[in-house]
Amino acid sequence: MKNILSISFLALTLQLSAQNFTRKDSLQGGLRPERTSFDVQRYDLNIKINPEERTVAGYNDITFKVIEPTSKIQIDLFENMKVDSVVFNKKQLTYKRDNHAVFINLPEKLSPGKDGKLRFYYSGKPVIAKRAPWDGGFVFTTDTQNKPWIAVACQGFGASCWYPVKDSQSDEPDFGATVKVAVPNGLMNISNGRFLGSEDLKNGYTRWDWEVKNPINTYDVTVNIGDYVHIKDNYKGLDLDYYVLRANEEKAKKHFEADVKRMMDCFQSKFGKYPFTEDGYKLVETPYLGMEHQSAVAYGNKYLKGYLGMDRSFTGIGMSFDYITIHETGHEWFGNSITAKDIADMWIHESFTTYSECVFVECTLGYDKAQQYVNGQKLNVRNDRPIIGNYGVNSEGSGDMYDKGSLMLNTIRHIINNDELWWKLLLKYSETYRHKIIDTKTVANFFNKESGLNLTPVFDQYLRYKDVPELEVRQNKKYVEVRWKTDVANFSMPVEYTYEGKRARINLTNSWTKLSNKAKTNSIEFDNKKMFFTIKKQTINN
């Protein structure tokens, strides 16, 4: 799946200087000719993981198609991992390491349209995560029976922390991947996609083979090693597979039964068919909280309702479901199927997925409860910095991409003010960009076209600036007038209000609009539950 995000050298240089980004950041997040000249077609990963030594060793076969003539390509692997050799057409290639980038010299300039395959041998001790999934790397721990329990999380941090890869969200392997992992006998490895079988290697290790048919984000490729048991289920023809620690088998059966099928009913009705039916759907118990690993969702919520037994919405409604099951599965549509080109636009993953929680509440408990839930998310908003990060330097924006982004989508729903259109629009969005890589402009243009409204200023205010719109209300001796105070010029958004028992709706801009000759500011109630904004009232003596 090929998409290119272009940033000129001058613009990138100025951006790096202004934000104190480094060459390392540019190499990890940028798109230079050594990356854009080829399109990855497939990964075939074959490795051995030693729990005692905490090492990874093996190779990745990288099949690619040449897009532009090139004699050099960039593959990424963290500096702490050793490059053993790179082989192309049975010849070892020369390379140069630069931070996490490995610039590989091809034996000759390759022409567009030509397919190639290189085998990248590597080994070493991968980064150990200190606080997965909020930081990246491996988790090496043990279960309650003192057996090894190992997993990895690397979103934003970089998949190249543990395997050689074109580590950019702008390019996914068009024809999927195989993940073959050898682990000590008595343990299993669970990775993405369908199980192909296992093989006893007669050296104390068994290799577990998995295959993904669909394109996949590099950070979604995963390993999960432990003493797992397999629970099989089915939802209207879709295989549901749960891999849980042996001691948790009965608990897991009951717990997942409570949420998964009704979640699938809801999400497929609102967002379209599950995007990866060829690869199945799995929940895999992990020693960290969770991650949206495509078709092998990491689950670590300890079989509790809410978020580790707490309600992130502070309404009580969040205790009606398992947050990690719902949120991380929502990512199968938003993040895994629809992917942002650059992690600066990670809101495309997180805002829609956080809103999917509200959609689930509406499916199961109704509109009013869903609106209570989404408004409860306001308590998590910090308004600390813009949601969109810096492009080309592996830079995410504010964590407000979760809750503030969800509230933005709820705001847009009520700007449109037509629920039938809203659900059609959301479904069409999911289906139009199924298995595609997009950016913020693409999203805004789609919503503009389908709604018939110019919503770009709304997207810009919530995503590119730290503050939400402020409704300024002022009272003078003659009348009340109102306007939007925003960073974005030519901002327009309606507001609903109640006066003398009557409800009204008016569209406002950055210019003062006369509201009433008779009303007083304290007699008008503005509704900021359907739309997310702040209110500032003042009195003018004139």
Side-chain angles (χ1 to χ4, degrees), residues 45 47-49 51 139 141-153 176-201 205-214 216 220-264 274 276-304 322 324-326 328-329 331-332 336:
L45 189 61
I47 60 175
K48 172 184 173 182
I49 296 180
V139 177
T141 187
T142 56
D143 63 18
T144 56
Q145 305 304 309
N146 206 33
K147 293 184 178 181
W149 191 18
I150 302 165
V152 66
T178 56
V179 184
K180 300 179 179 181
V181 183
V183 298
N185 292 341
L187 300 176
M188 297 174 65
N189 173 66
I190 315 302
S191 291
N192 316 81
R194 299 285 186 176
F195 182 50
L196 297 180
S198 61
E199 180 182 351
D200 187 342
L201 302 180
Y205 281 74
T206 297
R207 196 187 70 214
W208 300 80
D209 299 349
W210 299 82
E211 182 176 27
V212 179
K213 296 287 189 181
N214 290 285
I216 184 170
D220 272 336
V221 177
T222 191
V223 298
N224 300 278
I225 301 166
D227 181 22
Y228 287 114
V229 293
H230 180 198
I231 302 170
K232 295 183 179 181
D233 203 349
N234 189 278
Y235 161 79
K236 298 180 179 178
L238 173 65
D239 290 334
L240 306 175
D241 296 287
Y242 312 127
Y243 289 87
V244 302
L245 293 181
R246 192 169 300 278
N248 295 331
E249 182 175 7
E250 292 307 315
K251 183 192 303 183
K253 285 180 182 178
K254 296 177 182 178
H255 187 81
F256 293 146
E257 178 68 25
D259 282 338
V260 172
K261 291 179 181 179
R262 60 179 184 153
M263 172 190 68
M264 285 295 180
Y274 174 70
F276 307 108
T277 52
E278 301 88 348
D279 297 322
Y281 171 81
K282 295 190 292 295
L283 288 173
V284 187
E285 188 172 2
T286 53
Y288 60 83
L289 184 60
M291 181 56 65
E292 63 264 24
H293 296 143
Q294 185 174 309
S295 69
V297 173
Y299 175 84
N301 202 39
K302 302 182 185 300
Y303 306 102
L304 297 170
D322 185 315
I324 292 299
T325 298
I326 303 306
E328 302 303 347
T329 303
H331 272 303
E332 293 281 47
N336 298 346

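Below, each value reflects all heavy atoms present in this structure, side chains not excepted, and no hydrogens, waters or symmetry copies. Quick caveat: nothing in here was measured; it's all calculated off a predicted structure. Here, residue 1 is the first one in the sequence, and each next residue gets the next number.
Remark: E278 engages no residue in a salt bridge (charged side-chain N to carboxylate O under 4.0 Å, His left out) (not counting sequence neighbours). Q294 meets the side chain to side chain donor-acceptor pair (under 3.5 Å) test with no other residue; sequence neighbours excluded. For F195, the ring pair (Phe, Tyr, Trp, His ring centres under 6.0 Å) test picks out W208, W210, with sequence neighbours left out. For D200, there are no salt bridge (charged side-chain N to carboxylate O under 4.0 Å, His left out) partners at least two apart in sequence or on another chain. Taking the side chain to side chain donor-acceptor pair (under 3.5 Å) definition, one finds that W149 meets it with Y228, sequence neighbours left out. The ring pair (Phe, Tyr, Trp, His ring centres under 6.0 Å) search around Y205 returns none, not counting sequence neighbours.
Between I49 and P184, the closest heavy-atom pair is O-CD, 3.9 Å. Closest approach of D227 and G186 over heavy atoms only: OD1-O, 4.2 Å. Across every non-hydrogen atom of E292 and D220, the tightest pair is O-OD1, 3.2 Å. When all heavy atoms are compared, the tightest approach of H293 to A298 is ND1-CB, 4.1 Å.
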Test side chain to side chain contact (heavy atoms under 4.5 Å, CB included) on V181 and R207 and set out the steps. CA-CA 5 Å; V181 183; R207 196 187 70 214; 5.8 Å; no
Would you sort out whether D259 and T325 count as a side-chain hydrogen bond (donor to acceptor under 3.5 Å, both in side chains), showing the intermediate values? CA-CA 8 Å; D259 282 338; T325 298; 5.1 Å; no
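Checked against the 6.0 Å centroid criterion, the rings of F256 and Y303 qualify as a close aromatic pair.
No hydrogens or angles considered: a donor-acceptor pair under 3.5 Å links the side chains of E332 and Y274. H255 and D322 share a donor-acceptor pair across their side chains, judged by distance under 3.5 Å alone. No donor-acceptor contact under 3.5 angstrom links the side chains of D279 and T277, judged on distance only.
At least one side-chain heavy atom of V221 sits under 4.5 Å from a side-chain heavy atom of V179. By the 4.5 Å heavy-atom criterion applied to side chains, L289 and N301 are counted as neighbours.
Applying the side chain to side chain contact (heavy atoms under 4.5 Å, CB included) test between N248 and each of K253, E285, K302 identifies E285 as the sole match.
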